[in-house]
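Quick note on labels: first sequence line is chain A, next is B, and so on, each numbered from 1.
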Protein chains: 2
Amino acid sequence: MERQKTDVRQEQIKSAVLDIIYTDGLKNLSTRKLAERIGMSEGTIFRHFKTKQDIVLSIIKDVQTDFIGNLRKIANSSSSPSERLERLLCATVTYLTENRGITMLLFSEATQKNDRELKENLQNIFNNQKSLASKIVLDGIALGIWDESTDVEQVAMLYMGIPVALNIELVFAGGVFHRENFCSRMMILLLKILER
Amino acid sequence: MERQKTDVRQEQIKSAVLDIIYTDGLKNLSTRKLAERIGMSEGTIFRHFKTKQDIVLSIIKDVQTDFIGNLRKIANSSSSPSERLERLLCATVTYLTENRGITMLLFSEATQKNDRELKENLQNIFNNQKSLASKIVLDGIALGIWDESTDVEQVAMLYMGIPVALNIELVFAGGVFHRENFCSRMMILLLKILER
DNA sequence: ATATTATGTAAGTAATCGCTTACAAAAGTA
DNA sequence: TACTTTTGTAAGCGATTACTTACATAATAT
């Protein structure tokens, strides 16, 4: 195999990890299978990452940068709260449906007993989504657009359940998803909760 | 170890499985650890269950009998749709918070590539919850209590997200949960969606 | 040009895993 | 009472796992 710089290989490895998680599930991810998928020797993997766990951690940090970073921009934009909430939800749905390996990884790992660093990073991803949704709801209330008696904590929790439920549906449906209406349909429900 | 009948041992084994899943996570469940937890030899486990997977499958079938069975009774009772929906939700929340091992098992396995039988049984549990919730919403609409333009499919999906989101919160919060208000607070949101 | 670093590899290591085997003896049946 | 079935066990099996080791050589630095 031709030599490549470590950053190239790391991307390759991470990409193959997500591919395997998607096709075979996290529990069937082994360094042997990973090496075969890429077409490299097993030892090479450990040239570029110290441990298997480090690969997973690296992916999760990518998610924080890419996904959460994008959500943060949306939540902090100057659009109306309704628009922001819809764009937040749609960005979430889009990201998770287009990155099925990541979705599977996040939700698989969320219910495992992991080491502290991994757990904290995972928690960060979930908590950030929740607090960005809360912020938007609070903004809408502060602007007098939404009902000030709204239970923001529960709305945020209900919001958090959407991608998770969607993921489970996708798993059982074998990845079939018609998303063209999903966001707007769900937003109708959320707005009904929020309206004065 | 004193001899016991196979049904006694099976209960013991299943109970210990759930305990380990709760304390250590599904991925750290081994027959060795299981045997130690109970205080029996590893071989004994295979006197009572053919494979490790069979233990998990047996637990999942128990969930269908106990949990889904109970939910079905609630959904089919003669109470008002509102009351039924609240009792359905509360029974779900109660069951899942009081059976943390089962909750962890269900959501861990939901994102894995399992054999067909296990997958079908899991799917059954999730689908039954969803269709029971849908049935109640449809009843409410048919009785003219709730808005007939309600998107029942999306409401059911939103409903399905609640226990899942709750589970993730519990995992990260280390099992701390104050449930005395949870159902009623969430029902306020759901009823707001449903009202005419 | 030489020395050092980075990258790839095949083989090997120690540990763990689910499960079986051979033995033992309690419990059940006729 | 004799035979069969059920239940428990220690040791072992074959497979898999994450990772290391020793070697090789391309790429980079001086």
- Would you please test B:K119 and B:N124 for side chain to side chain donor-acceptor pair (under 3.5 Å) and show each step? CA-CA 8 Å; B:K119 188 168 173 180; B:N124 232 308; over 6 Å; no
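- Judged by distance alone, with hydrogens and angles left aside, the side-chain atoms of A:K192 form a donor-acceptor pair with the main-chain N or O of B:I193 at under 3.5 Å.
- With respect to A:E42 and A:K33, no salt bridge is recorded, no charged nitrogen being found less than 4.0 Å from a carboxylate O.
- Rounded to the nearest 0.5 angstrom, B:S184 OG and B:E86 CD are separated by 6.5 Å.
- Within residues 24-36 of chain B, no residue is approached by DNA chain D to less than 4.0 Å at the level of any non-hydrogen atom.
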When you compare the protein's N or O atoms with those of nucleotides 21-23 of chain D, which come within less than 3.5 Å of each other, and at what distance?
{"unit_1": "D:dA22", "atom_1": "N6", "unit_2": "A:R47", "atom_2": "NH2", "d": "3.4"}

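- Using modelled atom types and a 3.5 Å distance limit, the side chains of A:R100 and A:N167 yield a donor-acceptor pair.
- A distance-only check finds no donor-acceptor pair linking the side chain of A:S58 to the backbone of A:D54 [under 3.5 Å].
- Near DNA chain C, meaning a heavy atom under 4.0 Å from it, residues 109-117 of chain A has no residue at all.
- At a threshold of 4.0 Å, the pair B:R196-B:E148 counts as salt-bridged, since one of the basic side-chain nitrogens sits closer than that to a carboxylate oxygen.
- B:L89 is not listed as a side-chain neighbour of B:L85, based on a closest heavy-atom distance of 4.5 Å or more.
- Sorted by residue number, the members of residues 2-16 of chain A with any non-hydrogen atom under 4.0 Å from DNA chain C read A:E2, A:R3, A:Q4, A:K5, A:T6, A:R9.
- Side chain of B:N114 to backbone of B:E109: a donor-acceptor contact under 3.5 angstrom is found.
- The span of DNA chain C lying next to chain B, judged by atoms under 4.0 Å from heavy atoms, is bounded 5' to 3' by C:dC17 to C:dG28.
- Across the protein-nucleic acid pair, B:I45 atom CD1 and D:dA11 atom P stand 17 Å apart, rounded to whole Å.
- How far CG of A:L194 is from CG of A:D147: 8.5 Å, rounded to the nearest 0.5 Å.
- When atom types are taken as modelled, the side chain of B:D151 and the backbone of B:Q154 share a donor-acceptor pair closer than 3.5 angstrom.
- Looking only at atom types and distance, the side chain of B:S79 has a donor-acceptor partner in the side chain of B:S77 under 3.5 Å away.
- Judged by distance alone, with hydrogens and angles left aside, the side-chain atoms of A:S15 form no donor-acceptor pair with the main-chain N or O of A:E11 at under 3.5 Å.
- Remark: side-chain polar atoms of B:T150 are not paired, donor with acceptor, to backbone N or O of B:W146 under 3.5 angstrom.
- Residues B:V155 and A:I188 do not share a hydrophobic cluster, clusters being chains of Ile/Leu/Val/Met/Phe/Trp/Tyr side chains in contact below 4.5 Å.
- Projected onto DNA chain C by closest heavy-atom contact, B:E42 and A:T44 fall at different nucleotides, the more 5' of which corresponds to A:T44.
- Summarising the geometry, the separation between CZ on A:F49 and P on D:dT20 is reported as 15 Å, rounded to the nearest angstrom.
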- Query: Can you list the steps and then say if A:S131 with A:S134 is a side chain to side chain donor-acceptor pair (under 3.5 Å)?
  - Reply: CA-CA 5 Å; A:S131 51; A:S134 294; over 6 Å; no
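- Side-chain contact between B:N28 and B:I20 is absent, with no heavy atoms from C-beta onward closer than 4.5 Å.
- The distance between the ring centers of A:F107 and B:F107 does not fall below 6.0 angstrom.
- Each end of the helix from C:dA1-D:dT30 to C:dA30-D:dT1 gets its own axis, taken as the rotation carrying the C1' atoms of four end pairs onto the next four within a five-pair window, and the two axes meet at 10° to the nearest 10 degrees.
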